[in-house]
Amino acid sequence: MPSKINSSMIETLIAGKTVDAVQKLYGQEVKPESISLQKTRPEFEGDLTLTVFPLTKISRKAPELTANEIGNYLAENLPEIKRFNVIKGFLNLVIDDNYYLRHFYQNLNIPNYGYTKEGDSKPVMVEYSSPNTNKPLHLGHIRNNLLGWSVAEILKANGKKVIKVNLVNDRGIHICKSMLAWQRWGNGETPESSGMKGDHLIGKYYVMFDQEYKKQLAELKTSGMSDEEAANQAPLMGEAREMLQKWEKQDAETIRLWKMMNEWVYKGFDETYKRLGIDFDKIYYESQTYLLGKKLVENGLKDQVLFRKDDDSVWADLTSDGLDEKLLLRSDGTSVYMTQDLGTAKLRYDEFEAEKMIYVVGNEQNYHFDVLKLVLKKLGYDWAENILHLNYGMVELPEGKMKSREGTVVDADDLMDEMYTTAKETTEQLGKSTDFTPGELDHLYHIAGLAALKYFILKVDPKKNMVFNPKESIDFNGNTGTFIQYTYARIQSVLRKAPPMPQGANNEKPVACLPKEKELLKLIYDFPAAVKLAGDTLSPAQIANYTFDLAKEFNQFYHDITILQEEDPIKKQFRIALAKFTGTVIKNAMHLLGIEVPERM
RNA sequence: GGUCCAGUAGCUCAGCUGGAUAGAGCAGCAGCCUUCUAAGCUGCGGGUCACAGGUUCGAAUCCUGUCUGGAUCACCA
């Protein structure tokens with residue numbers, strides 16, 4: 001089925017004229033939005049198809065007749081429509097090649113084609129990544145980072161001012177676990193002394209804590225305790241809780257240890273972000289926002305929108321909204337995840353007054369965001385409406401969820417290493433890049449491997465869970481990032497060999513194009529609409545799928561039709577321009593996915 | 001148990017604001033490099049769109065129910 005495009009100019013034009021046609025022919029008012037236009041299926045002649053079934057109620061005539069009447073009206077009143085044919089209730093419209101050609105030459109030399117200039121509306125905030133500082137990044141984080149970064153770029157391309165923010169979860173019981181384990185069993189180990197990346201080193205101690213804690217639980221249970229009793233009384237967990245309290249009381253030694261270990265982690269994260277090609281405009285630290293959150297909670301208590309239980313813990317009652325009671329402060333006074341998120345939201349809103357605050361967070365936290373919005377509203381902040389949880393699906397293994405306990409978590413650094421190696425092996429096998437310098441080769445392996453990885457992740461609808469099979473390496477052929485890169489490199493190769501465009505060549509348009517040429521023209525024409533659709537739906541997958549279609553179409557064109565051997569100079573120049581423009585679109589589209597394109601590969 | 005999400009080819013995914021005979025890629029098979037990069041192109045095989053009802057001129061798409069899988073309902077984040 002033909003993919004729907006988000007009303008481009010020509011569609012708006014046709015829909016408008018169709019409204020006129022219905023008015024003239026049948027004397028009734030219809031809304032332009034109700035006009036159903038789609039791309040014509042390839043087996044029929046035409047470019048756009050108007051489905052007239054819904055209009056037959058108004059025309060009170062058979063579908064074919066209605067289609068013909070409207071078709072005649074459009075052909076007479078819209079010079080862009082060259083001819084039409086009718087099959088059942090489908091009105092297939094042939095758009096004049098010149099319409100697309102005009103657009104093509106008008107935009108041919110615009111490097112930012114498809115991007116809208118930044119408007120002066122309020123900014124949009126996009127939060128993504130938001131790692132805990134107790135373990136290294138894994139494949140799930142990669143999806144988060146890529147989605148967040150790409151969505152931000154897509155919004156920019158739609159003319160939005162965007163602020164990319166990261167919220168580092170640098171405090172909480174989870175950090176204390178790593179700290180405790182390091183204190184006990186670390187013997188002063190550092191990234192330098194161990195040769196480990198800081199985030200991996202901390203991760204090691206987090207795992208160690210968990211293992212020891214499990215041992216304690218098992219022992220307590222063999223001595224007759226229930227699960228719950230054991231969990232409450234395991235000494236390690238008690239110590240972790242004590243440490244958290246010390247931390248919140250700003251105990252000097254605890255803070256010192258905390259700072260040191262977090263620094264190790266940040267250094268490790270920075271390396272991974274850099275390699276992934278991800279950046280932020282602003283980084284928030286939970287340790288700096290949770291106090292504001294606590295204050296908000298206290299205010300809520302004063303205003304009696306929150307309540308305190310006998311054990312001193314503080315809660316929000318959300319039962320009237322169909323949810324449960326939600327804990328906001330523990331009985332020992334320390335804060336929880338929700339507490340700091342309240343503070344962070346307030347801080348950000350005060351700082352940017354963003355028209356939208358988009359949180360890129362996994363769908364496992366849907367409930368958290370429902371609660372967050374509700375509590376904020378209870379506290380009297382109407383802007384909570386502007387919070388949008390971009391919830392994406394999990395990355396799963398063929399056998400199910402990744403589990404750190406079973407060691408099935410796919411580490412981000414390892415995966416990027418693998419992609420690099422695969423790119424290297426593939427390139428060497430193909431044996432085409434023999435005249436590259438070592439530096440050029442390194443760069444190629446880097447961007448080719450990353451392209452495969454990024455495209456693999458981003459081509460899937462963010463909302464959906466996706467499957468990654470570690471036993472099969474990510475493909476470089478077919479519907480992949482490297483395929484698209486290859487198409488770009490091919491184009492650049494042609495352009496390097498092409499003669500320079502003569503002066504005034506833009507005025508010499510071909511009279512008519514071949515079908516393959518027209519398909520390319522149409523796809524290029526559609527790019528701005530694809531960017532808009534991706535922006536409206538916050539879905540990089542729209543860009544990925546669009547670009548694949550374009551690359552595939554170009555390769556067919558390239559295969560079937562000669563560019564440089566063409567004897568007619570006008571046709572030859574046109575085809576060179578077509579290749580060039582296709583290259584620009586591929587480059588701009590891939591940029592929105594964070595994928596670099598190579599001049600050669 | 002409550003709430004939410006998903007189920008499309010052997011595998012990974014498009015298509016889902018209703019439109020024509022449901023599409024790609026991978027994997028399999030068969031072709032195409034003395035011609036602009038074969039990370040490419042062409043062809044073949046492959047489907048009860050989980051199931052059952054309903055709405056409609058028309059349903060993979062909307063509604064209801066069932067089944068299956070997942071998430072969540074923590075003094076974890």
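On a predicted model such as this, the values are computed, not experimentally measured, just so you know. Order of the sequence lines sets the chain letters (A, B, ...), proteins ahead of strands, with each chain counted from 1. Keep in mind that the numbers below use all heavy atoms, side chains included, and drop hydrogens, waters and symmetry copies.
Base contact: Asn92(A) has a heavy atom under 4.0 Å from a base atom. The residue Pro54(A) sits close to a base: some heavy atom pair falls under 4.0 Å. Nucleic acid contact class of Asn469(A) (heavy atoms, under 4.0 Å, all strands): none.
Using a 4.0 Å cut-off between charged side-chain N and carboxylate O, Lys294(A) and Glu248(A) make a salt bridge. Between Arg600(A) and Asp435(A) a salt bridge is recorded (basic side-chain N to carboxylate O distance below 4.0 Å). Between Arg41(A) and Glu43(A), at least one side-chain N (NZ, or NE/NH1/NH2) sits under 4.0 Å from a carboxylate O, which counts as a salt bridge.
Helical stems of RNA chain B (runs of at least 3 Watson-Crick or G-U pairs, donor-acceptor distances under 3.5 Å) are listed by first residue: B:1-7 with B:67-73, B:10-13 with B:23-26, B:28-32 with B:40-44, B:50-54 with B:62-66.
A cation-pi arrangement is found for Arg171(A) relative to Tyr290(A), the charged atom lying closer than 6.0 Å to the ring centre and inside a 45° cone about the ring normal.
For A22(B), neither phosphate oxygen OP1 nor OP2 lies less than 4.0 angstrom from any side-chain nitrogen or oxygen of Arg41(A). Regarding contacts with the backbone of A14(B), a side-chain N or O of Lys464(A) is found under 4.0 angstrom from either OP1 or OP2.
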Identify each donor-acceptor pair in which a side-chain atom of residues 448-461 of chain A lies under 3.5 Å from a protein atom, sequence neighbours left out, and give them as a table.
residue: Lys454(A); atom: NZ; partner: Leu276(A); partner atom: O; Å: 2.8
residue: Lys454(A); atom: NZ; partner: Gly594(A); partner atom: O; Å: 2.7
residue: Tyr455(A); atom: OH; partner: Asn479(A); partner atom: OD1; Å: 2.5
residue: Tyr455(A); atom: OH; partner: Ala544(A); partner atom: O; Å: 3.1
residue: Asp461(A); atom: OD1; partner: Lys463(A); partner atom: N; Å: 3.0

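Judged by ring centres under 5.5 Å apart and planes tilted less than 30 degrees, Phe483(A) fails to stack against the six-membered base ring of G40(B). Remark: ring of Phe44(A) stacked against base of A20(B); centroid gap under 5.5 Å, plane tilt under 30°.
Anti is the glycosidic conformation of C36(B), whose angle departs from 0 by more than 90°.
In this model, a side-chain donor or acceptor of Thr49(A) finds a partner on the base of A20(B) within 3.5 Å.
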Table of protein N/O atoms under 3.5 Å from nucleotides 26-36 of chain B N/O atoms:
residue: C36(B); atom: O3'; partner: Lys497(A); partner atom: NZ; Å: 3.0
residue: C36(B); atom: O2; partner: Ile563(A); partner atom: N; Å: 3.4
residue: C36(B); atom: O2; partner: Leu564(A); partner atom: N; Å: 3.0
residue: C36(B); atom: N3; partner: Ile563(A); partner atom: N; Å: 3.1
residue: C36(B); atom: N4; partner: Tyr558(A); partner atom: O; Å: 2.3
residue: C36(B); atom: N4; partner: Ile561(A); partner atom: O; Å: 2.8

